[in-house]
There are 2 protein chains.
Amino acid sequence: MHDVKTLQEIFNAHLKEQSFNAQPRELYQPIEYTLALGGKRLRPLLLLMARNLYGHEVKDALDAALAIEVFHNFTLLHDDIMDQAPLRRNKPTVYKKWNTNIAILSGDVMLVKAYDYLSKTPSKNLVAILATFNKAAVQVCEGQQYDMNFENRNDVSIDEYIKMIELKTAVLLAASLKLGAIIGNASNDDAEKLYAFGLNMGIAFQLQDDWLDAFGNENEFGKQKGGDIIANKKTYLLLKAQELASSEIKTKLSAVMYDNNITATEKVDTVIDCYNELNIETEIQKQIQYYNQKAIESLNGISVTRDKLQIIISLAENLLNRKS
Amino acid sequence: MHDVKTLQEIFNAHLKEQSFNAQPRELYQPIEYTLALGGKRLRPLLLLMARNLYGHEVKDALDAALAIEVFHNFTLLHDDIMDQAPLRRNKPTVYKKWNTNIAILSGDVMLVKAYDYLSKTPSKNLVAILATFNKAAVQVCEGQQYDMNFENRNDVSIDEYIKMIELKTAVLLAASLKLGAIIGNASNDDAEKLYAFGLNMGIAFQLQDDWLDAFGNENEFGKQKGGDIIANKKTYLLLKAQELASSEIKTKLSAVMYDNNITATEKVDTVIDCYNELNIETEIQKQIQYYNQKAIESLNGISVTRDKLQIIISLAENLLNRKS
């Protein structure tokens, strides 16, 4: 089996071979720009790791890995328009650097290109691959729509929130693993176990993101502390706090959320005070552990030895221990 | 072979069977709305007709026909945002009725759904089907980008214009025919001949649209006469006029294009006067005939009898004789 670093190198080499040096430049430049921004390449890595469980050679999975990374970047292009995000990985987002129309259309081409890469996968498995990919792709869009809907709602439950992050984030991680398994000719049962692992790990991963925003070390995190708090984002932390709060703390929380006379730092500090009073950090850490545990248990009975699985489990655990 | 009306009924029945009654409603309602707006269903019809050339049964082509119609409607959703079009088939466009974010995201789901339908096509031909569809899908996006680029340019050549409408409009008609041929297990040669027929007919079809805007009968056309003229759209008519105009007419044309002190009717009348002086109507009719002829000639040597081909040729000719 290849180690993480080798798989990363194999994938990055394959990505580099792709050319988006086509006309019209207005359409293809944003694609080159986006794919060059880097990132963890987590989804293709998971796909290749899952493929690697069923044989040393991962070549036949490289185009599917590319498809999943290009798809993920397509969602970023369109999400950044919808969320009016000015920056992505410390660089201007496509819609800011060019314009909204170009971000829409370049995103569209990326989605088609994702299918184009997917179509190159050994055709024996193509029907199963497309079914898995299509389902995840629709769900990611549904998740984004729920996320937007939640901005205008004050009665979002924690169950609804978990369902949203499952759709928006977790299913694509799950599908990446399943696709790798399918390409490796794994049994259905194995493919589903890896899917379940990815799904639960994906939820834990997003909850960890919520935790980092309020409790991460600002220097290591690399983002402004409390960005979610400043934006009144309905994270697990806020929803849980609203659930557990006494009427006194509830009043304090809502007052500070809509108070334009305090600084951002004051707002963040006050909200974190409320979180601390309610032990929200313990609550979210319990949830992260719960989904982490559920992920590991999903692998029970898989036909692959623990020894081989360790590379995927370790990657997941590193992600959950990350400080940024 | 089925006649046009029967194929239309078969397709519409299949379309009606599809359900977009899913959650979140914000995402799926615009899809239901768009697909219910109707339209000529030209692309699925062409696909089924081509399939029908190679056997009476068209059932195996229905999902691909659906894919091409859903894809076409996806492009309308996103194009209407980019072109800021308030109306489509006399109804508010999705981005106007809901908002831009919803139009982006519903469009994205439609693109994925198009692939989902395509994936259901008999898997023996799936690789060829995906390759044809992917190529056309990318080209349609390229055409839209060129169209947007042309708005900001004053040196667009007629060749560039023809290339743009080929990408934006013609390749999808061509691909529809080719997909039908592939599903019918036609030879490569036949599939390519049908593609070439669709491509040339598509160009003629778009030129006819340009002609209708200025020379169509307003009552039958159902749109405001000279809409393209009012919007200073770079149509074949305008580009040809600019090419042929004396410096005097050139001055008259540019003056009226940017004169805010005249009414829309005055503008349209003046520009049409220039077109008449330059015999632009004859020029565009020659071009339409040229591409029409080229389309018919593309079918030379096809393994299907003229008798059978007549249904497709007649449909194309009806489209070229249309007044609206």
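Bear in mind that the values here come from a model prediction, so they are computed numbers and not experimental data.
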Options A:Val127, A:Thr75, A:Val109, A:Leu105, ranked by heavy-atom pairs under 4.5 Å with chain B, top entry: A:Leu105

Flag yes if more than 12 heavy atoms outside A:Lys91 fall under 6.0 Å of its NZ atom; otherwise flag no. no

Measure the CD1-CG distance between B:Ile81 and A:Asn101 for me, rounded to the nearest 0.5 Å. 8.5 Å

Once rounded to the nearest 0.5 Å, what's the spacing between atom CG of A:Asp108 and atom CG of B:Asp108? 6.0 Å

Within 6.0 angstrom of A:Gln84 CD, more than 12 heavy atoms from elsewhere: no

Mark yes when over 12 heavy atoms from residues, nucleotides or ligands other than B:Asn188 sit less than 6.0 Å from its CG; otherwise mark no. no

Counting only non-hydrogen atoms closer than 4.5 Å, does A:Asn149 touch chain B with its backbone (N, CA, C, O), its side chain (CB onward), both, or neither? side chain

Which atoms of A:Met148 are under 4.5 Å from chain B, going by heavy atoms: the side chain, the backbone, both sets, or neither? side chain

I'd like to know whether NZ of B:Lys96 has more than 12 heavy-atom contacts from other residues, nucleotides or ligands below 6.0 angstrom. no

Can you check side chain to side chain contact (heavy atoms under 4.5 Å, CB included) on A:Val140 and B:Val112, steps first, answer last? CA-CA 11 Å; A:Val140 169; B:Val112 173; over 6 Å; no

Side-chain contact test, heavy atoms from C-beta onward, threshold under 4.5 Å: evaluate it for B:Tyr146 versus A:Leu27 and give yes or no. no

Just say parallel, tilted or perpendicular for the rings of B:His78 and A:His78, cut-offs at 30° and 60°. perpendicular

What verdict does the side chain to side chain contact (heavy atoms under 4.5 Å, CB included) test give for B:Asp116 and A:Val138, after you've listed the backbone C-alpha separation in whole Å, the side-chain angles of each residue and the deciding distance to 0.1 Å? CA-CA 10 Å; B:Asp116 204 27; A:Val138 166; 6.0 Å; no

To the nearest 0.5 Å, tell me how far A:Gln145 CD sits from B:Gln23 CD. 11.0 Å

Is there a donor-acceptor contact under 3.5 Å linking the side chains of B:Glu142 and A:Tyr28? yes

How about B:Asn134 and A:Tyr115: do any of their side-chain heavy atoms sit closer than 4.5 Å? yes

Within a strict 4.5 Å, meaning less than it, do heavy atoms of the B:Leu130 and A:Leu130 side chains meet? yes

